[in-house]
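FYI, side chains are in, hydrogens and waters are out, and symmetry mates aren't considered; it's all heavy atoms of this structure. Both ligands and their constituent atoms are indexed starting at 1 by order of listing.
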Amino acid sequence: MNLDLSADECAFRDEVRAFLASALTEELREAGRRTTSVFTDKRVSLAWQKTLHAKGWVAPSWPKEYGGTGWSEMQRYIFARECAHAGAPGLAPMGLRMVAPAIMRFGTEAQKSHYLPRILSGEDYWCQGYSEPGSGSDLASLQLRAVPDGEDYLLNGSKIWTTHAQWANRMFCLVRTRADGKPQGGITFLLLDMATPGIAVKPIITLAGEHEVNQVFFDSVRVPRANRLGGENQGWTVAKVLLEFERGGGSAAGLKVSLARVKAIAATETADDGSPLIEDVAFRSRLAAVEIALEAIEMTEHRVMSALAAGGNPGPASSLLKAQGTEAMQRIDELAIEACARYATVEQPAARAHGSNVAAIGPQHSLFAMPRYLNNRAASIYGGSNEIQRNIIAQLVLGL
Ligand SMILES: Cc1cc2nc3c(=O)[nH]c(=O)nc-3n(C[C@H](O)[C@H](O)[C@H](O)COP(=O)(O)OP(=O)(O)OC[C@H]3O[C@@H](n4cnc5c(N)ncnc54)[C@H](O)[C@@H]3O)c2cc1C
């Protein structure tokens with residue numbers, strides 16, 4: 001893959017840079033830098049989404065007919081890279097990147113025209129109701145019952161680990177509509193309104209002390225049959241397509257920015273023998289190993305972008321990208337903790353007041369290294385654990 005830019009692509013890059021320089025307020029950049037959890041705070045990501053929406057750049061991967069940009073693969077890459085360099089906050093993926101492609105593929109015309117514009121504008125904020133207590137990796141064993149009742153389904157059961165359910169006004173949800181036969185053959189995909197009576201959202205506080213995930217309880221919740229995406233008992237097919245998009249998101253540009261930050265800190269901090277940490281052979285070799293991994297991720301990412309630009313699915317390359325990307329992220333977090341040394345611990349005022357070199361680079365690097373490290377432990381679990389991704393690669397890529 002040739003990543004050298006043509007004259008037109010350089011002009012496009014300059015246009016993106018100029019837009020980011022004017023549209024990205026210092027408050028938004030700071031909020032992006034301060035994000036330590038899996039997703040950016042809703043208030044911040046929505047503010048940025050509205051700005052991008054007004055510019056027509058909110059959904060580069062969508063087909064143009066639904067509000068996409070019509071950009072080439074290279075333009076999408078340039079845009080993602082420039083956003084990462086400029087410190088733009090991330091957008092919530094559950095609507096734009098996950099349920100939207102499934103609606104485009106499996107939705108009725110009425111569903112497309114209702115939901116897609118609301119996803120683009122940020123009017124609807126989605127959460128994902130897949131996992132249940134006892135059904136994670138073995139997702140097809142899910143038990144939340146949906147019984148047909150007149151024009152509705154009646155839902156009873158619960159979902160767990162539901163990210164941002166406390167903020168979402170919509171959920172896409174897998175339910176059991178048939179108990180006999182193959183478990184995959186009795187699952188239906190529903191789109192539901194979180195304000196429906198009988199839904200209760202209970203917080204789960206993570207290791208990093210944050211409220212990001214929830215358990216959601218359903219007590220005789222009525223969902224119109226018209227809110228079904230795809231056929232009854234056909235939900236497994238919809239669910240699998242959506243998971244490819246969930247796992248196939250961009251990552252190399254952001255990871256390169258994080259690695260550059262670690263290098264900047266390591267250039268000012270000292271190793272045990274008093275020399276700069278960046279010159280420590282063991283540290284350097286670990287930095288180099290991550291750099292090599294990032295090159296590989298960038299190439300995988302281009303494969304996924306090519307597939308999307310051609311109107312296809314990410315395919316099993318999304319599993320490769322998910323496993324490679326999350327593991328590189330965790331290695332960068334470990335290097336950041338090592339580089340920040342004692343300033344990465346909870347006694348943060350010392351990092352600000354001590355006049356340490358870490359503080360000179362920007363106290364946020366030490367302040368946020370530990371929460372990032374703790375939160376990103378979850379990255380190799382959510383969206384399907386990396387062991388499951390390796391199973392998929394073994395079967396679909398290696399043919400084992
Ligand atoms: C921060 C966070 C956010 C999340 N957000 C959401 C969300 O918004 N919506 C949602 O629906 N879910 C969400 N999840 C749930 C996530 O998808 C599940 O946690 C994940 O699929 C693993 O399921 P489990 O937790 O039940 O673990 P289990 O399935 O019980 O797995 C336990 C361990 O066994 C391993 N294992 C299991 N089966 C196999 C196998 N066949 N081969 C090899 N190893 C195996 C797993 O890799 C794992 O290490 C989130 C999870 C986290 C941590």
Task: Verify atom 6 (C) of ligand 1: protein non-hydrogen atom under 4.0 angstrom away - done: yes
TODO: Report the nearest protein non-hydrogen atom to atom 21 (O) of ligand 1: residue, atom name, distance rounded to 0.1 Å.
DONE: Gly136 C, 3.8 Å
Open item on the list: Could you check whether Trp236 and Phe189 have their ring centres less than 6.0 Å apart?
Closed with: no
Open item on the list: With rounding to the nearest 0.5 angstrom, report the CD to OG distance, Glu73 to Ser61.
Closed with: 13.0 Å
Open item on the list: Tell me the contacting part of Asn391 for ligand 1: side chain, backbone, both, or neither, using a 4.0 Å heavy-atom threshold, strictly below.
Closed with: side chain
Task: Rounded distance [0.5 Å steps], CE in Met171 versus CD1 in Ile199 - done: 6.5 Å
Task: Exam field: side chain Glu279 to backbone Ala267, donor-acceptor pair closer than 3.5 Å - done: no
TODO: Considering the heavy atoms of Gly383, write down every atom of ligand 1 situated less than 4.0 Å from one of them.
DONE: 17 (O)
- [ ] Consider every N or O of Tyr382 and every N or O of ligand 1, then say whether any pair is closer than 3.5 Å.
- [x] no
Open item on the list: Does the protein place a non-hydrogen atom closer than 4.0 angstrom to atom 33 (C) of ligand 1?
Closed with: no
- [ ] For the residue pair Phe218 and Val223, establish whether any side-chain heavy-atom pair is separated by less than 4.5 Å.
- [x] no
Task: Close approach, Gly134 and ligand 1, non-hydrogen under 4.0 angstrom - done: no
- [ ] Heavy-atom distances under 4.0 Å are what count here, so tell me which part of Thr206 touches ligand 1: side chain, backbone, both or neither.
- [x] neither
- [ ] Return a yes/no value for Glu387: is any of its N or O atoms, backbone included, closer than 3.5 angstrom to an N or O of ligand 1?
- [x] yes
TODO: State whether any protein heavy atom lies less than 4.0 Å from atom 30 (O) of ligand 1.
DONE: no
- [ ] Provide the number and element of each atom of ligand 1 under 4.0 Å from a heavy atom of Ala378.
- [x] 1 (C), 53 (C)
Task: Tyr130: numbered ligand 1 atoms lying under 4.0 Å from its heavy atoms - done: 11 (O)
Open item on the list: Counting only heavy atoms, tell me which of Gln128, Met94, Glu210 gets closest to atom 9 (N) of ligand 1.
Closed with: Gln128
TODO: Report yes or no: is the cationic atom of Lys322 (NZ for Lys, CZ for Arg) under 6.0 Å from the centre of the six-membered ring of Tyr382, at an angle within 45° of the ring normal?
DONE: yes
Open item on the list: Treating Glu232 as the side-chain partner and Thr188 as the backbone partner, does any N or O pair qualify as donor plus acceptor under 3.5 Å?
Closed with: no
TODO: Taking only Lys NZ, Arg NE, NH1 and NH2, and the carboxylate oxygens of Asp or Glu, determine whether Lys256 and Glu295 approach each other closer than 4.0 Å.
DONE: yes
Open item on the list: Suppose we call two aromatic rings close when their centres sit under 6.0 Å apart. Are Phe79 and Trp71 close by that rule?
Closed with: yes
Task: Nearest neighbour in protein (non-hydrogen) for atom 16 (C) of ligand 1 - done: Ser131 OG, 3.7 Å
Task: Protein contact to atom 38 (N) of ligand 1 [nearest heavy atom, distance to 0.1 Å] - done: Ser137 CB, 3.6 Å
Open item on the list: Using a 4.0 Å heavy-atom cut-off, which part of Val213 comes near ligand 1: side chain, backbone, both, or neither?
Closed with: side chain
- [ ] Looking only at protein heavy atoms, identify the closest one to atom 4 (C) of ligand 1 and say how far it is in Å.
- [x] Trp161 O, 3.2 Å
TODO: With rounding to the nearest 0.5 Å, note down the distance linking CD in Glu82 to CD in Glu15.
DONE: 12.0 Å
Open item on the list: Only heavy atoms of Ile388, strictly under 4.0 Å: list the atoms of ligand 1 that pass.
Closed with: 38 (N), 39 (C), 40 (C), 41 (N)
Open item on the list: Test of understanding: clusters of I, L, V, M, F, W, Y form through side-chain heavy atoms closer than 4.5 Å, transitively. Do Val216 and Trp126 belong to the same one?
Closed with: no
